[in-house]
Amino acid sequence: MLLALTLSTFLSGCLREKQPDRSAKVYIEHQDGKYTLVRNGKPYSIRGAGGESHFRKLREAGGNTLRTWDTTHLAQILDSAQMQGLAVIVGLPIPNSGDISFYNNPEITTTRYRALLSLIKRFRNHPAVLMWCLGNELDFPYKWTYGDFYDSFNELTDMIHREDPDHPVTTTILNFNPKYIFNIGLRCDIDVISFNIFSNLPLLRKDLDDLAWFWKGPYMLLEWGINGPWQGTEQTAWGAYIEDTSKKKADIYQERYRQHMPLADPRFLGACVFFWGNKQETTHTWFSIFDENGHASEAVGAMQDIWTGQSSPVTYPEIKYMLLNNQGARDNILLNPSASASAEVLLFKGHDRIRSIRWQVFREDWYRENRINSTKKLLPITTAENSGQNLRLSFSVPQEEGPYRLFATIYDHAGNFASCNTPFYVVSPP
C-alpha cells in the first residue's frame, strides 16, 4: 500500500499540470476535464495537413492548419499561410536519440542550440505561428545512458518556453508507444504530445484508455492517413507493396476519420492529414494528394467533406482498377523481357469527362537509407500519352530482369486526376 501511494505521489509530481498563461497568443486551457487550444483568445480546433504548398486549396477545403517538418523556406511559408488565414505548426528538426555521436558532442549540440535560438527569436512574433514541434518521430528510451539526449532536448524546450511563451511546444512519436509517453512524462517538459498514426488508428481509443492511469494529457495527430508501404500492407511475392487506387484512398481517408478519429475525446486537439502535396515514398503517388503540377486528386474532396461536413461539388475521375495482361497486382505478374504486353484501366463512371491518360513504367524503388524510404523520384523508363477515349496501352516489356511498376494517371477536363499502378517482375524463361 505504501509503495502504491509513493508511486502515485511520484507520478502526480512529475506530471503536474502547469497553469496556462492566458495572456499568451496560443495556450492550452483545461477546464471541467476538457482540453482546448486557445488562439488569439478563441478556441481553435486543428483541421490540418502536413506539407508546404497549396495553401489556398487547403483553406478552400476547410483546413486551417499547416504542419511542416523543417524550417526550409520558413519565412515564405509563414507569409503565404498568413495570407490564406492558416496557422503553422513549425517543425524543428533534431537527430533521433540513437545518434549518440551527436548528443555526446557538446560542440555540435551547442551549434544546434544557437541555430534554433536564432530561429525562434526571428519568427516567434509571426502571426501565422501556432506552435513548435521539436523533432519528428523521436525515440524516448528509458535507459539513463541516453542522458545526453534528454539534456539536449530539455535545454531546447526550456529555451523555446523562455524565448517564446506565446506558443506551445510539442514533439511527435510514431504510433502510440506507452514507454515513450512514460519517459516524456517523467523526463521532459512539453505542452502536448503528438502522434503519427496510420494503420494503427483503430487502436488509438483503447490505447488511450489503457494508459489513462498514468497519462491524461492533451494530444494531437500530426500525421494520419492511408496505410503506407510498410509491414501490414499487401505485397507481391517479390516484396513490392501494393498501392490502392486514388479512389480507394479517398474512401479510406473518410472511413478512417469518421470511424476511428477520437473526435469526441475531450483531450483531443485536432489532426493533420498526410500529405498535402506531392512526394516520393516507394512511389511518387502513394501519399501524394496532389500531382507534381499541383492538380488535385479525390482526396482533396474527401478532406473537404471531413472538414466542412459538406460534400465537395467537384467530381473527380474514379478508377476501379488496372489490368496488366488481364491480371491484377495481387496476381504476381511475371513478364518476359522485351515481350509485348497490354494494359487497361477501368473506371466506375465518368468516361465522357476524361481528357487524357498518361502511362509510365518505373523501376521499383528499393532504396533505403537508415531504413527510411528515399524521397528522390525516379525517372520513368517509358512514357506514353493517350486521349481520354482510349484507356488501353500496348507496350514492350523492359529488357533487363527485375521489378517494375506500370503507372496510369488520368486527367479530366477540369485538371483533376486519378492514379493507379501495378507492380510486375521481368524474368527470363528457364
Side-chain angles (χ1 to χ4, degrees), residues 7 10-11 13-18 28 50 67-72 74 89-121 123-124 131-165 167-197 200 207 211 214-215 217-223 230 272 368-373 375:
L7 179 60
F10 172 69
L11 293 179
C14 290
L15 297 175
R16 187 176 296 116
E17 190 172 294
K18 297 179 295 184
I28 298 172
R67 182 263 172 115
T68 70
W69 291 266
D70 57 41
T71 58
T72 305
L74 182 57
I89 300 173
V90 180
L92 305 175
I94 61 173
N96 211 334
S97 57
D99 192 343
I100 301 297
S101 61
F102 178 93
Y103 289 105
N104 287 355
N105 189 322
E107 182 177 347
I108 296 178
T109 55
T110 298
T111 299
R112 175 62 59 92
Y113 179 95
R114 290 173 177 169
L116 291 181
L117 172 61
S118 176
L119 184 135
I120 297 297
K121 287 183 175 181
F123 293 107
R124 61 190 173 186
M131 65 178 72
W132 308 99
C133 182
L134 185 61
N136 182 54
E137 295 186 1
L138 298 180
D139 299 329
F140 290 87
Y142 64 87
K143 292 183 180 179
W144 292 101
T145 52
Y146 291 93
D148 288 337
F149 161 73
Y150 283 101
D151 288 344
S152 179
F153 185 87
N154 290 332
E155 286 174 357
L156 290 171
T157 55
D158 289 347
M159 177 271 290
I160 298 171
H161 283 136
R162 181 181 67 252
E163 298 295 333
D164 183 18
H167 300 101
V169 180
T170 187
T171 191
T172 72
I173 58 177
L174 179 61
N175 293 319
F176 189 95
N177 190 312
K179 180 179 73 174
Y180 292 172
I181 296 170
F182 189 87
N183 289 321
I184 290 172
L186 297 183
R187 304 178 69 176
C188 303
D189 180 22
I190 61 172
D191 301 293
V192 52
I193 295 177
S194 297
F195 304 108
N196 293 347
I197 302 181
N200 286 345
D207 289 337
L211 201 63
F214 169 74
W215 174 68
Y219 65 91
M220 305 179 293
L221 270 65
L222 290 193
E223 290 181 23
W230 47 62
C272 294
R368 304 286 187 276
E369 186 174 351
N370 297 325
R371 296 180 297 175
I372 298 175
N373 289 332
T375 57

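Side-chain atoms are counted along with the backbone in the values below, which use heavy atoms only and exclude waters and symmetry mates.
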Open item on the list: Using modelled atom types and a 3.5 Å cut-off, is there a donor and acceptor pairing between side-chain atoms of T110 and backbone atoms of E107?
Closed with: no
Open item on the list: Can a side-chain donor-acceptor contact be found between S194 and T170 if the only test is distance below 3.5 angstrom?
Closed with: yes
Open item on the list: Within the 4.5 Å heavy-atom criterion, are T71 and L116 side-chain neighbours or not?
Closed with: no
- [ ] Indicate yes or no: at least one non-hydrogen side-chain atom of L138 is less than 4.5 angstrom from one of F153.
- [x] yes
TODO: Please round to the nearest 0.5 Å and tell me the distance separating atom SG of C272 and atom CE of M220.
DONE: 7.5 Å
TODO: Locate the shortest heavy-atom distance separating P93 from R112; write the atom from each residue and the value.
DONE: O-NH1, 2.7 Å
Open item on the list: Can you tell me how far apart CD1 (I108) and OG (S152) are? Round to the nearest 0.5 Å.
Closed with: 11.0 Å
Task: E223 side chain to W69 side chain, donor-acceptor N/O pair below 3.5 angstrom - done: yes
- [ ] Would you confirm whether N177, through its side chain, and K179, through its main-chain N or O, come within 3.5 Å as a donor-acceptor pair?
- [x] yes
Open item on the list: How long is the straight-line distance from OG of S97 back to CG of D148, given to the nearest 0.5 Å?
Closed with: 11.5 Å
Open item on the list: Ignoring hydrogens and geometry beyond distance, is a side-chain donor-acceptor pair present between S101 and D99 at under 3.5 Å?
Closed with: yes
TODO: For I94 and G135, work out which heavy atoms get closest and say how close.
DONE: CG1-CA, 3.9 Å
- [ ] Can you measure from CD1 (I160) to CD (E155) and round to the nearest 0.5 angstrom?
- [x] 12.0 Å
Task: Backbone of L134 reached by a side-chain donor or acceptor of T171 within 3.5 Å - done: yes
Task: Donor-acceptor pair, side chain of N154 and main chain of R187, under 3.5 angstrom - done: yes
Task: Distance in Å, L221 CG paired with I197 CD1, rounded so as to fall on 0.5 Å steps - done: 5.0 Å
- [ ] Identify the heavy atoms of Y146 and G98 that sit nearest to each other, and give their distance.
- [x] CE2-CA, 4.4 Å
Task: P141 backbone acceptor or donor facing D139 side chain under 3.5 Å - done: no
Open item on the list: Is it the case that the side chain of R124 and the backbone of E163 share a donor-acceptor pair, with hydrogens and angles ignored and the cut-off at 3.5 Å?
Closed with: yes
Task: Any donor-acceptor N or O pair under 3.5 Å, side chains N136, N196 - done: yes
Task: Step-by-step side-chain contact (heavy atoms from CB on, under 4.5 Å) determination, F176 to N200 - done: CA-CA 8 Å; F176 189 95; N200 286 345; over 6 Å; no
TODO: Decide side-chain contact (heavy atoms from CB on, under 4.5 Å) for Y180 and L174; before the verdict, give the C-alpha distance in whole Å, the side-chain angles of both, and the deciding distance to 0.1 Å.
DONE: CA-CA 10 Å; Y180 292 172; L174 179 61; over 6 Å; no
Open item on the list: Taking the side chain as everything from C-beta on, heavy atoms only, tell me whether L92 gets closer than 4.5 Å to L119.
Closed with: yes
Open item on the list: Taking D151's backbone N and O only, do any of them form a donor-acceptor pair with Y103's side chain (distance below 3.5 Å, no angle check)?
Closed with: no
Open item on the list: I'd like to know if the side chain of D191 and the backbone of V169 have a donor-acceptor N/O pair within less than 3.5 Å.
Closed with: yes
Task: Side chain T172, main chain F195, donor-acceptor under 3.5 Å - done: no
Open item on the list: Ignoring hydrogens, what is the shortest heavy-atom contact between R162 and Y113? Give both atom names and the distance.
Closed with: NH2-OH, 3.1 Å
TODO: First locate atom CG of D189, then atom NE2 of H161, and finally report the distance between them rounded to the nearest 0.5 Å.
DONE: 5.5 Å
TODO: Assess the side chains of H167 and D164: does a donor N or O sit below 3.5 Å from an acceptor N or O?
DONE: yes
TODO: Quick one: do F140 and F149 satisfy ring-ring contact (aromatic ring centres under 6.0 Å, His included)? Show the steps, please.
DONE: CA-CA 9 Å; F140 290 87; F149 161 73; 5.6 Å; yes
Open item on the list: For a side-chain contact (heavy atoms from CB on, under 4.5 Å) check, start with the C-alpha distance between W215 and I193, then their side-chain angles and the critical distance, and finish with the verdict.
Closed with: CA-CA 11 Å; W215 174 68; I193 295 177; 3.9 Å; yes
- [ ] Walk me through it: do M131 and V192 pass the test side-chain contact (heavy atoms from CB on, under 4.5 Å)?
- [x] CA-CA 10 Å; M131 65 178 72; V192 52; 4.2 Å; yes
